[in-house]
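A short write-up of the structure that comes next.
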Amino acid sequence: MDLWFETALLPTGWAGRVTVRIAEGRISHVLAGTDPAAGAERHRVAIPGLGNVHSHGFQRGMAGLSERRGRPDDDFWSWREIMYRFLDRLTPEDIAAITALAYAEMLETGYTRVGEFHYLHNDIDGARYADPAETAGAIVHAAERTGIGLTLLPVFYAHSDFGGLPAKPGQRRFLSDIDGFATLVEASRAKLPADAVLGVAPHSLRAVTPEELRAVTALTTGPLHIHAAEQTREVEACLAWSGARPVEWLLDNLGIGRRWTLIHATHLTGAEADRLAASGAVAGLCPVTEANLGDGIFPAERYLAAGGAIATGTDSNIQIDAACELRAIEYSQRLSLRRRAILSPEGASVGETLFHAALAGGGQALGVETGIAPGAPADIVSLNMDHPGFAGASADTLLDRWIFAGRAGAIDCVWRAGTLQVVGGKHRGSEAIASHYRKTLERLLG
Ligand SMILES: [Zn+2]
């Protein structure tokens with residue numbers, strides 16, 4: 001199959017009159033300066049699909065349910081209580097229905113692969129399902145229904161706080177021991193679609209002891225993800241437990257490198273930012289969720305200046321939008337530093353700089369190649385050039401317009417592994433998926 005674009009963003013930069021040849025879901029050839037071949041589909045502007053490195057699919061069903069002030073110090077921890085109550089009802093079918101909506105929305109906004117940080121493993125009463133990968137199967141079902149690429153990250157979770165403290169009743173659906181988790185990982189592997197990637201995710205230093213960390217990370221050669229330094233209370237508890245801050249502890253004790261993605265990594269000292277950047281690991285930033293939860297601001301200027309790798313994630317799925325995440329990274333810096341255009345080299349486009357960084361970091365974090373290039377999956381997004389946000393645009397402002405000024409409707413088509421999943425900004429299954437989601441939420445919240 002051939003797609004032809006008037007303009008396309010290639011690894012070498014913007015190119016005109018580009019033919020992209022696709023075979024078996026991958027890009028086989030990219031030719032610039034060509035006329036469209038007979039039968040080639042013609043489109044205006046192509047950019048590569050992005051990786052969403054951090055999602056908890058079921059949390060899409062809680063979006064907007066925890067926006068009332070409960071107590072004067074309302075923070076992440078009170079949100080977590082509401083999340084635990086929501087979990088008391090969810091069946092695997094519910095997880096599949098809610099996650100399918102989240103994944104359709106991801107595709108509609110330009111995310112073509114998701115890293116599902118999947119920790120909801122057990123039945124409502126905390127017992128193992130007969131099939132330990134029952135809920136992983138629900139995630140796979142949502143990925144197959146929507147066509148999004150899946151990097152599944154089964155989560156190991158065993159304790160309520162630093163020092164191996166016993167888990168709380170609200171955490172019963174997450175818990176495993178090491179042997180049970182190894183079985184769960186293998187049962188999950190058996191369910192994966194052809195181009196899925198399997199990693200593992202020790203939940204956090206709160207939930208996993210150092211001994212367990214080493215055992216869990218030995219279970220796969222795939223990507224390794226962990227939540228780190230999201231809240232200041234977590235940093236203080238880690239200092240009290242070990243004398244080191246969470247990212248400092250991970251760098252000192254785990255040989256953090258390119259296989260690792262540290263989710264959030266919000267609270268870093270300057271020295272931690274420099275060391276994390278030099279490690280080659282990815283910082284998985286989720287600035288929309290981090291803003292929603294009042295977590296804090298990642299020190300992006302210093303980290304990027306030190307050559308650090310970043311990617312974006314939609315995490316709680318409170319509002320799924322790839323452009324919004326990229327914009328929030330830059331805007332959080334502007335608000336805290338009271339300057340403009342902070343995260344690009346002088347004279348360069350901020351949107352383009354952040355897009356390229358998130359594209360590369362997303363691929364690294366999710367264990368896949370990215371970009372419109374031979375060998376990469378044919379994960380391609382076309383922009384809707386009839387959208388007023390692109391009026392009079394030249395290539396060098398396209399990504400800034402999309403990221404900073406795009407609004408809904410800026411994306412036209414999305415191909416995932418060469419299959420057209422989004423047309424005119426709508427996922428091909430969006431009506432059925434939304435209807436199923438509505439019925440599920442009405443029952444759960446009724
Ligand atoms: Zn998370």
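Every number for a ligand or one of its atoms is a count from 1 in the order of the listing. Residue indices begin at 1 and follow the sequence shown.
Centroid-to-centroid, the aromatic rings of F404 and Y331 come within less than 6.0 Å. Ring centers of H264 and H227: under 6.0 Å apart, within the cut-off.
H121 is linked by a ring pair (Phe, Tyr, Trp, His ring centres under 6.0 Å) to H118, counting only residues two or more places apart in sequence or in another chain.
Around the CZ atom of R339, the shell of radius 6.0 Å holds more than 12 heavy atoms that belong to other residues, nucleotides or ligands. Atom NE2 of H356 has more than 12 heavy atoms from other residues, nucleotides or ligands within 6.0 Å.
Excluding waters, the set of protein N, O or S atoms lying under 2.8 Å from the Zn ion (ligand 1) comprises H54 NE2, H56 NE2, H227 NE2, D315 OD1.
Between the side chains of E212 and H159, a donor-acceptor pair is found at a separation under 3.5 Å.
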